[in-house]
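Below: one structure, written as structure tokens.
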Amino acid sequence: MDFWQRYRAIDARDTRFDGQFYTAVRTTGIYCRPSCPARTPKAENVTFYETSAAAHEAGYRACKRCLPEAVPGTPAWNVRSDIAGRAMRLINDGVINRDGVEGLASRLGYSSRQLNRILSHELGAGPLSLARASRAQTARTLLVSTQMKLADVAFAAGFSSVRQFNETIGEVFDMTPTALRGTVRHHRPPAATTALTLNLPYREPFDPGIFEFLAVRSVPGIEAGTATSYARTLRLPHADARFSVDYDADAPGRPLILTIGAVDLRDLPSLLSRVRRLLDLDADPVAIDSALASDPRLATAVKAVPGMRMPGAVDPQELLIRAMIGQQITVAAARTALTQLSACGSESLAPADGLHRLFPTAAQIADPGFGLLRGPQRRIDSLRAAAAAMASGNLEFGYGDDFAGLHAKLLPLPGVGPWTVGYVAMRVIGAPDVFLANDAAVRNGILALGTGAEANGRPSPELSADFTEVRPWRSYATMHLWRAAARRSKPSPKPTPDPQPPAPALTAAPAL
């Protein structure tokens, strides 16, 4: 977007752009979200910033009226596969809090000096400033949503001291933490509860079908899901955690409520980031749906189901194992196989509500777990080899990778082909433009959504077979096709193998 496109957005107070850029006003010294209800400033007094951290660096403070830190995250961090986008995904996951700038730079393959220069040029702020802004946003969320003690809020948000916390909140919001908390009326929870309850902001529309996607793939004891909720245990850098998310379409504002049953406070920023990624809450559904609706094969589906989300992953290693097991078999069969495999996982240190086990680690799968696997020996050997590579550290991948990096790391593995790499890219790094053309459910979905644009499963000459017309949102097109295939009454054809000798990975209906 150029300056005038952004200026028209703030003049229209368009909520779709909240979190995508920030408006700083030189005459007031404050910065706002695009939908701020205040009078539109004169264009000559306005500067736009890509991040709130850049506005902080320039000496601006957050608007007390529109609270620009209370918006969904920037969808560009998923769309962008450059160093800036990869760095922001890792910063949001708390890497700087755990490993410092050197650790972040090492994961991205740069020196800390180079990384600082790149981010300052691309985003207007260096990695420390970006991490500071992320901490401030987490702290604001905790202050206005919970009754946690201020010291607990400080350390949960990633600050190294209460003093640093107080100074940052004062500089960013021009208020003390106590005053910031006082801007919202709290309903104190019962004394017996120890859970944290937070409201997760998102851009509307929101299709709750993502809960159904997760529910039918849930592994008993580790996950539980319904059409409007999802809960699970997971392993975070410092300790086990447990959370649940509930969607209430009938309540004012249709809130998404996150309840954290157990977490080490040092892991809280990472947990919040991963839950948001899991539910794709930083997406821009209006932009995505507009592009998808331009294709006649998808127009009816998009109109019927606006706001489709692409499920992410709370653990990259787990997702690879699930994808490899889910190849060539049905979702139900893969769920059964994963349930059997889960027996080698550790018991959770924070069990509750039927969730008592953690998904097995790569080391557990590579050693005792492989004996629980069923199916062709070649597939079992491939799974064990992948798990052993992850357990030894020879295979490292995650939120900071781009598609090319994942392709280079995963494709050489026996049993992993382009379909698996594409699926992992969709779920782990949120790659928006993956089209799994060799997927049986994708082909079934095209048939199920037949609107006259194709005949006998063959696309019209004016339309590409791989949906290039809807770039860069083909991953979301895949989600629509998968849903259409799942609701199609007749059975899917036998999956087509992914050509990857000597142990081919086979495509299937949507993998686990």
Side-chain angles (χ1 to χ4, degrees), residues 1 6 9-10 12-23 31-37 48-55 62-63 65-80 84-85 88-89 91-94 123 130 133-142 144-145 157 172 184 198-208 210-211 230 243 245-249 251-258 268-290 306-312 314 399 429-430 432 473 475-476:
M1 298 177 68
R6 292 180 173 180
I10 68 170
R13 294 166 178 77
D14 196 329
T15 59
R16 293 178 300 165
F17 298 99
D18 286 352
Q20 302 199 38
F21 64 86
Y22 297 86
T23 306
Y31 69 92
C32 305
R33 63 168 81 183
S35 66
C36 182
F48 295 113
Y49 291 100
E50 297 292 328
T51 64
S52 60
C63 175
R65 187 172 181 182
C66 71
L67 296 174
E69 305 299 311
V71 296
T74 307
W77 307 145
N78 287 342
V79 177
R80 294 174 64 161
M88 285 302 301
R89 293 199 292 270
I91 290 171
N92 290 336
D93 195 51
L123 305 179
L130 292 165
S134 179
R135 294 186 196 113
Q137 185 174 28
T138 301
R140 191 212 69 84
T141 299
L142 295 175
V144 302
S145 302
V172 173
V184 176
L198 307 173
N199 195 331
L200 297 173
Y202 62 89
R203 295 180 181 86
E204 293 192 290
F206 176 80
D207 170 43
I210 191 170
F211 288 110
Y230 176 74
F243 72 87
V245 182
D246 295 274
Y247 175 69
D248 190 346
R254 294 181 287 276
L256 272 170
I257 304 299
L258 169 66
L268 189 55
S270 179
L271 176 61
L272 293 175
S273 174
R274 295 187 190 198
V275 171
R276 295 195 65 81
R277 294 187 62 78
L278 176 68
L279 300 178
D280 197 18
L281 299 185
D282 294 331
D284 182 354
V286 173
I288 295 167
D289 287 352
S290 296
M308 177 79 79
R309 304 292 165 139
M310 182 171 62
V314 296
Y399 304 121
I429 63 174
W473 307 117
S475 296
Y476 293 87

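Computed from heavy atoms alone, side chains included, the values below leave out hydrogens, waters and symmetry copies.
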Task: pair I10-P34: side-chain heavy atoms closer than 4.5 Å - done: yes
Open item on the list: Return the CG to CD distance between L67 and Q137, rounded to the nearest 0.5 Å.
Closed with: 11.5 Å
TODO: For residues F211 and Y230, establish whether the separation of their ring centroids is below 6.0 Å.
DONE: no
- [ ] Would you sort out whether R33 and Y22 count as a side chain to side chain contact (heavy atoms under 4.5 Å, CB included), showing the intermediate values?
- [x] CA-CA 5 Å; R33 63 168 81 183; Y22 297 86; 5.5 Å; no
Open item on the list: Between D284 and R16, does any NZ, NE, NH1 or NH2 come within less than 4.0 Å of an OD or OE carboxylate oxygen?
Closed with: no
TODO: State whether the side chain of R309 and the backbone N or O of Y476 hold a donor-acceptor pair below 3.5 Å, judged by distance alone.
DONE: no
- [ ] Can you measure from CZ (R89) to OG (S273) and round to the nearest 0.5 angstrom?
- [x] 10.5 Å
- [ ] Please identify each residue that fulfils ring pair (Phe, Tyr, Trp, His ring centres under 6.0 Å) with Y399, with sequence neighbours left out.
- [x] none
- [ ] May I ask you to decide if R277's main-chain N or O and D282's side chain share a donor-acceptor pair within less than 3.5 Å?
- [x] no
TODO: Please report the C-alpha distance between Y247 and I257 in whole Å, then the side-chain angles of each, then the deciding distance to 0.1 Å, and finally whether the side chain to side chain contact (heavy atoms under 4.5 Å, CB included) criterion is met.
DONE: CA-CA 7 Å; Y247 175 69; I257 304 299; over 6 Å; no
TODO: Take R6 and Q20 through the test side chain to side chain contact (heavy atoms under 4.5 Å, CB included) and record every step on the way to the result.
DONE: CA-CA 10 Å; R6 292 180 173 180; Q20 302 199 38; over 6 Å; no
Open item on the list: Contact between Y31 and P68 at the side-chain level, heavy atoms closer than 4.5 Å - yes or no?
Closed with: yes
Task: CG on L130 to CD1 on I91, rounded to 0.5 Å - done: 4.5 Å
Open item on the list: Any side-chain to backbone donor/acceptor pair from S475 onto P432? Under 3.5 Å, distance only.
Closed with: yes
Task: Short side-chain to backbone donor-acceptor contact, D280 and M310, under 3.5 Å - done: yes
Task: Residue from V245, L278, L279 passing side-chain contact (heavy atoms from CB on, under 4.5 Å) with I210 - done: L279
Task: Polar side-chain atom of E50 near backbone of L123 as donor-acceptor pair, under 3.5 Å - done: no
Task: Residues forming a salt bridge (charged side-chain N to carboxylate O under 4.0 Å, His left out) with R135, sequence neighbours excluded - done: none
TODO: List the steps, then state whether ring pair (Phe, Tyr, Trp, His ring centres under 6.0 Å) holds for F21 with F48.
DONE: CA-CA 7 Å; F21 64 86; F48 295 113; 5.4 Å; yes
Open item on the list: If you apply the rule side chain to side chain contact (heavy atoms under 4.5 Å, CB included), what do you find for V275 with V314, and how did you get there?
Closed with: CA-CA 7 Å; V275 171; V314 296; 5.6 Å; no
- [ ] Mind checking the CG-CG spacing from N199 to L258? Nearest 0.5 Å is all I need.
- [x] 9.5 Å
Open item on the list: What's the separation between atom CZ in R13 and atom CG in D18, rounded to the nearest 0.5 Å?
Closed with: 12.0 Å
- [ ] Report the distance from atom OG of S52 to atom CD of E69, rounding to the nearest 0.5 Å.
- [x] 4.0 Å
Task: Between R274 and S270: side-chain donor-acceptor atoms closer than 3.5 Å - done: yes
